[in-house]
Number of protein chains: 4
Amino acid sequence: MADRAREPAGAAVRRPEITAAVLDAVVRELSEVGFGRLSVEGVARRAGVAKSAVYRRWNSKLEMVLELLSGMVSRRISLPDKGSLQADLTMVVDILSTVLEHPMAKNVLPDLLAEAARNPQIETTLHAAIQAAQRDVGDLLVSRAVDRGELPGTVDRELLTDLIAGPLYWRISVMRSHVPPGYADQLSEAIRCAVQAASRTGLAPH
Amino acid sequence: MADRAREPAGAAVRRPEITAAVLDAVVRELSEVGFGRLSVEGVARRAGVAKSAVYRRWNSKLEMVLELLSGMVSRRISLPDKGSLQADLTMVVDILSTVLEHPMAKNVLPDLLAEAARNPQIETTLHAAIQAAQRDVGDLLVSRAVDRGELPGTVDRELLTDLIAGPLYWRISVMRSHVPPGYADQLSEAIRCAVQAASRTGLAPH
Amino acid sequence: MADRAREPAGAAVRRPEITAAVLDAVVRELSEVGFGRLSVEGVARRAGVAKSAVYRRWNSKLEMVLELLSGMVSRRISLPDKGSLQADLTMVVDILSTVLEHPMAKNVLPDLLAEAARNPQIETTLHAAIQAAQRDVGDLLVSRAVDRGELPGTVDRELLTDLIAGPLYWRISVMRSHVPPGYADQLSEAIRCAVQAASRTGLAPH
Amino acid sequence: MADRAREPAGAAVRRPEITAAVLDAVVRELSEVGFGRLSVEGVARRAGVAKSAVYRRWNSKLEMVLELLSGMVSRRISLPDKGSLQADLTMVVDILSTVLEHPMAKNVLPDLLAEAARNPQIETTLHAAIQAAQRDVGDLLVSRAVDRGELPGTVDRELLTDLIAGPLYWRISVMRSHVPPGYADQLSEAIRCAVQAASRTGLAPH
DNA sequence: ATGTAAGCGAGACGGTACGTCACGTCTTCAC
DNA sequence: GTGAAGACGTGACGTACCGTCTCGCTTACAT
């Protein structure tokens with residue numbers, strides 16, 4: 001079964017290697033000059049492709065970047081059960097550290113977030129993706145911990161994910177400093193204590 | 001008598017109302033279009049001033065923004081002793097929340113951080129200011145808590161400040177969601193437990 | 001039975017109605033936009049035909065136009081003997097007027113001549129055709145006039161044809177004004193006197 | 001008295017050497033690629049000038065070319081009295097030959113004439129200029145000849161100018177052949193006989 | 001009071017990118 | 001093999017900004 005549509009007949013087809021080259025160039029341009037100075041002209045030049053080939057696919061640099069975003073956030077990560085809340089937390093912290101340390105995330109993410117403050121479409125796409133990932137991870141960790149009896153069901157999932165993502169993003173992307181050895185253990189231990197304490201206080205999750 | 005006297009000789013003088021109008025326009029432009037799209041032309045237009053008047057004062061938009069930054073970060077905040085680590089933490093969390101919720105911080109900070117990834121001068125200025133503030137606050141909180149016997153001297157100050165700034169920045173500036181009532185209490189309680197736990201483990205601060 | 005049969009073998013054949021439609025479209029395009037703006041794309045569009053069908057027949061717009069030219073200039077015109085040089089001249093002037101007044105000549109000829117200044121192939125084709133026609137007509141008129149004793153054999157044929165074609169082309173194609181009634185008579189009378197005078201002077205034809 | 005306007009105040013001024021460089025480039029482009037392929041981009045490139053500098057002066061290539069035309073056709077030529085119609089004619093024929101043989105005229109004129117067939121503004125400008133020149137020359141030659149008694153006042157001025165301009169334009173610009181030595185004498189002699197004959201016939205000028 | 005150096009506005013200039021259009025070439029498909 | 005469809009690279013369009021620079025006018029100090 002040919003993947004390629006059977007439409008009109010004898011129709012020329014968007015060449016996928018060109019699409020790929022352009023999206024790749026977008027990533028590189030984004031990290032070098034930012035979204036504000038990103039230009040279709042520059043992307044086309046860098047991709048070794050004609051401007052018209054770019055405009056045939058997307059009407060603006062916004063659509064281009066949104067498609068790139070969609071492609072990037074759609075990947076799911078598997079999180080095996082490590083046997084304890086502490087170990088699960090360490091695993092998540094390690095993974096997130098690695099992701100945020102990646103040059104792409106370090107260079108492109110702050111830029112998209114800054115642009116999201118001005119562009120509702122970017123904000124929506126970006127936040128939806130982050131929130132989905134956070135909810136998945138939060139639910140998984142909490143349900144395992146509750147099953148193990150490590151946490152009560154009342155635990156505030158939002159606080160948990162803020163405590164995981166916040167410090168790492170702050171340290172890596174904002175302060176642009178490295179995560180020292182042992183930081184993951186220390187942080188996950190702190191998070192575990194914090195959420196256990198918070199869930200004990202009986203403060204109703206907001 | 002004139003404050004501005006003693007210049008070379010027979011010199012016309014930079015009109016201060018123009019300087020002020022331009023800096024004001026820079027702030028508004030920054031929050032509307034970001035650093036990437038910020039232009040001297042746009043700033044001059046918005047300030048109702050000729051481009052040459054701007055370029056006479058700063059050689060580039062970078063110098064302009066750096067001067068603006070320097071003026072903004074030099075303010076010190078007083079942190080009265082609230083009597084307990086928990087209360088001190090709540091105070092700091094409240095203050096930081098208020099600062100980050102301010103439209104200026106919400107709109108301009110992400111943009112400058114994104115640009116800092118590409119511009120060493122911005123990175124240096126910005127990070128120096130943030131780190132100084134963090135160190136001040138961290139030292140103050142920890143020394144009081146150690147005096148009160150709430151924390152051992154071994155507590156990791158960096159982890160502490162990451163745990164304060166990270167979740168708030170993540171929630172407010174990254175996710176652009178509001179801080180719900182009670183969040184400050186919950187977060188400060190969590191932070192207190194976390195740092196106490198971390199300092200108990202005897203993990204050497206990195 | 002098929003009119004187009006007997007080609008190589010199992011081979012599809014250039015459909016003549018497409019060839020005709022294209023050439024027809026070339027003429028219309030030429031007179032509307034000129035040679036400079038003439039494009040295979042435009043011709044194909046106007047002919048309701050795919051670009052590839054055109055390019056399979058000619059490699060460029062130049063070949064296309066040259067084929068068109070060759071087809072047009074190959075027609076011979078009969079010039080009956082009118083009995084006197086004056087009458088013969090009037091006939092030729094009338095015929096040439098009619099030809100030059102034709103919209104096709106008025107619109108396309110100046111364009112091809114302009115292009116000939118830049119394109120040797122067009123120049124060659126065009127000038128060869130014009131010169132052949134001029135020589136034919138000149139020889140015919142002169143030989144009849146010499147036979148009648150109206151002109152000596154020394155008459156300068158080039159001057160004659162310049163005096164016929166020049167004023168008419170100037171008035172019709174350059175100045176784009178109409179030929180008023182009586183102009184043909186007046187012009188042919190003038191030409192007759194002129195060539196008779198010129199041949200009397202004994203100036204050797206150059 | 002400063003030629004330069006006293007307008008707004010402190011206003012920057014179109015630099016005349018740029019205007020000149022552009023117009024010069026227009027001439028060269030026109031003769032190389034013709035009006036159809038003339039592009040503002042190409043002109044600016046050839047003039048070593050920014051496209052914006054061109055568009056600041058003219059809104060389109062048409063305006064540009066029209067200004068060029070106006071500048072070119074406004075020159076008046078002095079025609080001293082040579083003492084006889086024959087000598088006057090020879091002088092005019094010589095001058096016109098020289099003008100038409102000039103590369104500018106040979107390359108640019110046919111192109112503008114071809115474009116005039118499609119563009120009323122070019123047609124108007126061009127024909128007005130040509131007709132004015134023709135009328136001036138015609139009137140001058142005829143009035144002198146009438147004063148001398150060489151021609152009756154009834155002579156048809158249009159026929160005269162057609163007989164001068166037509167053969168020369170045909171030979172030089174259309175056929176692109178050279179004017180042989182003696183051609184000017186031969187032609188002027190022919191023209192003199194022709195107009196004398198035409199004016200004798202009593203044919204009313206149309 | 002006057003000379004003069006600087007401030008200031010206006011805007012021309014060389015650039016770059018915009019998003020669109022048109023074109024010649026080339027590939028793919030249906031017939 | 002023919003013809004249709006259309007993707008592709010190229011290049012020009014006319015516009016919009018931008019940073020630089022030059023130019024008059026104005027201002028305010030120093031003589």
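Protein chains get the first letters and strands the later ones, always in sequence-line order, with residue 1 at the start of each.
Atom CD of Glu29(A) and atom C1' of dT16(E) are 13 Å apart (whole Å). In this entry the distance linking CG of Asn59(C) with C1' of dC23(E) reads 16 Å, nearest Å. When the P atom of dA22(E) is taken as reference, atom CZ of Arg37(D) falls 15 Å away, rounded to whole Å. Rounding to whole angstrom units, CD of residue Glu63(A) and P of dG19(E) are separated by 11 Å. Remark: P of dC17(F) and CD of Glu41(A) are 17 Å apart, rounded to the nearest angstrom. In this structure, Lys61(D) places its NZ atom 12 Å from P of dA12(F), rounding to the nearest Å. The CG atom of Leu62(A) sits 14 Å away from the P atom of dC18(E) (whole-angstrom rounding).
A residue-by-residue look at Arg57(C) and Gly42(B) shows that Arg57(C) has its nearest nucleotide of DNA chain F further toward the 5' end. In terms of position on DNA chain E, the residue among Ser39(A) and Leu38(C) whose nearest nucleotide sits closer to the 5' end is Ser39(A). For Arg56(D) and Val40(D), each mapped to the nucleotide of DNA chain F holding its nearest heavy atom, the one lying further toward the 5' end belongs to Val40(D).
Scanning all heavy atoms of the two residues, the minimum distance from Val43(B) to Ala25(B) falls at O-CB, 3.7 Å.
Side-chain nitrogen and oxygen atoms of Tyr55(C) include at least one within less than 4.0 Å of the OP1 or OP2 phosphate oxygen of dT25(E). Considering only side-chain N and O atoms, Arg14(B) lies nowhere under 4.0 angstrom from the phosphate OP1 or OP2 of dA6(E). Side-chain nitrogen and oxygen atoms of Arg15(D) include none within less than 4.0 Å of the OP1 or OP2 phosphate oxygen of dA12(E).
In the region residues 45-52 of chain D, proximity to DNA chain F at under 4.0 angstrom, judged on heavy atoms, holds for Arg45(D), Lys51(D).
To the nearest 0.5 Å, atom CZ of residue Arg56(C) and atom OG1 of residue Thr19(C) are 11.5 Å apart. Distance check, rounded to the nearest 0.5 Å: OG of Ser31(D) to CZ of Arg118(C) gives 8.0 Å.
Without hydrogens or angle criteria, Lys61(A) side chain to Phe35(A) main chain gives a donor-acceptor distance under 3.5 Å.
By the salt bridge (Lys or Arg N to Asp or Glu O under 4.0 Å) test, Arg37(C) is found to be paired with no residue, residues two or more places apart in sequence or in another chain being considered. By the salt bridge (Lys or Arg N to Asp or Glu O under 4.0 Å) test, Arg28(B) is found to be paired with Asp24(B), residues two or more places apart in sequence or in another chain being considered.
You'll find the side chain of Leu112(D) reaches within 4.5 Å of the side chain of Leu30(D), heavy atoms only.
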